[in-house]
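Everything below concerns the one structure shown next.
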Amino acid sequence: MIKVLAFLLHLAFIFTLSQSRSINPLPQPLVSFKINETQDARSCSYSVSITTSCSSPRYTRDCISLAFGDAYGNQVYAPRLDDPSSRTFERCSTDTFEINGPCTYQICSLYLYRSGYDGWKPDTVTVYGYYTRAATFRYNTFIPNGVWYGFNLCQGGSASAAAM
């Protein structure tokens, strides 16, 4: 009886540990990207804060674009955030952008696009909106060249992937 009880307590302990660990998803490539019709909808303003990793190249001249959205297919697209003359995306720096786009519900997907030869490693991207809670996406990895790369945490990733 004591062995059975010890075994059950051991199983309960293992189950509790497995349930309490938070899972940090890794960024994934997006197969296709299409600007959807909500891009011309009612406009809201967003503040996007991008922190470049300290292990990124010293600076990048690459073209950097951003797209984020909600579970209902509303998406905001910023085609070019880069500006080498203003020292944007330097190593160990944080850049903040004011972006206007369609109003969204809670942001649950975010993708970055990089094209060029320098390389770039963002650490985190946080989106602040008037109607939504701040949403932070942790990259801490180099963005591949020529690929939309990021996160779709919208109810298993199905709702917004079709729109992006």
Side-chain angles (χ1 to χ4, degrees), residues 14-56 60 62-83 88-90 92-116 119-164:
I14 290 171
F15 179 76
T16 302
L17 278 179
S18 69
Q19 295 301 311
S20 65
R21 247 183 274 159
S22 65
I23 298 171
N24 291 326
L26 297 173
Q28 301 292 320
L30 183 62
V31 177
S32 67
F33 177 74
K34 184 178 113 183
I35 298 174
N36 99 20
E37 62 277 357
T38 63
Q39 195 61 32
D40 297 325
R42 184 171 60 111
S43 185
C44 286
S45 62
Y46 301 89
S47 181
V48 177
S49 177
I50 301 175
T51 301
T52 297
S53 171
C54 291
S55 58
S56 186
T60 187
D62 294 350
C63 301
I64 309 292
S65 299
L66 166 81
F68 60 86
D70 64 18
Y72 301 97
N74 300 307
Q75 69 183 40
V76 176
Y77 171 61
R80 290 286 302 267
L81 297 175
D82 54 279
D83 181 6
T88 308
F89 303 125
E90 284 189 329
C92 299
S93 68
T94 300
D95 297 291
T96 302
F97 304 92
E98 299 303 319
I99 299 172
N100 288 318
C103 298
T104 66
Y105 295 96
Q106 186 58 44
I107 304 300
C108 55
S109 68
L110 186 136
Y111 288 90
L112 294 168
Y113 184 88
R114 179 188 72 79
S115 65
W120 177 57
K121 183 179 182 183
D123 188 36
T124 58
V125 179
T126 303
V127 180
Y128 304 90
Y130 185 76
Y131 296 108
T132 66
R133 293 184 314 272
T136 299
F137 299 85
R138 183 160 177 75
Y139 278 82
N140 197 30
T141 190
F142 284 93
I143 303 298
N145 187 38
V147 175
W148 283 99
Y149 197 66
F151 302 88
N152 187 346
L153 309 176
C154 303
Q155 308 212 346
S158 61
S160 173
M164 293 189 99

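If you read the sequence from its start, that first residue is 1, and numbering goes on from there.
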Taking all non-hydrogen atoms of both residues into account, name the closest pair between [X] and [Y] and its distance.
X: T136; Y: T124; answer: CG2-CB, 4.3 Å
X: T141; Y: P122; answer: O-CD, 3.5 Å
X: C44; Y: Y131; answer: SG-CE1, 3.7 Å

Run the side chain to side chain contact (heavy atoms under 4.5 Å, CB included) test on I99 and L66 for me, step by step, so that the C-alpha distance in whole Å, both residues' side-chain angles and the decisive distance to 0.1 Å come before the verdict. CA-CA 10 Å; I99 299 172; L66 166 81; 3.7 Å; yes

Report yes if some heavy atom in the side chain of [X] is under 4.5 Å from a heavy atom in the side chain of [Y]; otherwise report no.
X: V76; Y: P102; value: yes
X: N100; Y: S45; value: yes
X: N74; Y: C103; value: no
X: K121; Y: I143; value: no
X: R114; Y: N145; value: yes

For the atom pair [atom1] ([X]) and [atom2] ([Y]), what is the distance rounded to the nearest 0.5 Å?
X: L110; Y: L30; atom1: CG; atom2: CG; value: 11.5 Å
X: F142; Y: S56; atom1: CZ; atom2: OG; value: 5.5 Å
X: F151; Y: Q28; atom1: CZ; atom2: CD; value: 8.5 Å
X: F137; Y: C108; atom1: CZ; atom2: SG; value: 7.0 Å
X: T88; Y: D95; atom1: OG1; atom2: CG; value: 5.0 Å
X: D82; Y: D62; atom1: CG; atom2: CG; value: 8.0 Å

Aromatic plane relationship, Y113 with W148 - under 30° parallel, 30 to 60° tilted, over 60° perpendicular: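 The rings of W148 and Y113 sit tilted, inter-plane angle from 30° to 60°.
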
Specify whether Y72 and Y105 have parallel, tilted or perpendicular ring planes, treating 30° as the upper limit for parallel and 60° as the lower limit for perpendicular.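 Ring orientation of Y72 relative to Y105: perpendicular.
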
Do T104 and Y46 have a side chain donor and acceptor closer than 3.5 Å?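 Present: a donor and an acceptor within the cut-off.
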
Okay, side chain of [X], backbone of [Y]: is any donor-acceptor separation there less than 3.5 Å?
X: T60; Y: G119; answer: yes
X: N152; Y: S109; answer: no
X: Q106; Y: R133; answer: yes

Please say which of Y128, F68, F89 ends up in a ring pair (Phe, Tyr, Trp, His ring centres under 6.0 Å) with F97.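 When Y128, F68, F89 are each tested with F97, the ring pair (Phe, Tyr, Trp, His ring centres under 6.0 Å) holds only for F89.
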
Among D123, T126, L81, which one satisfies side chain to side chain contact (heavy atoms under 4.5 Å, CB included) with I50?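 Result for side chain to side chain contact (heavy atoms under 4.5 Å, CB included) with I50: L81.
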
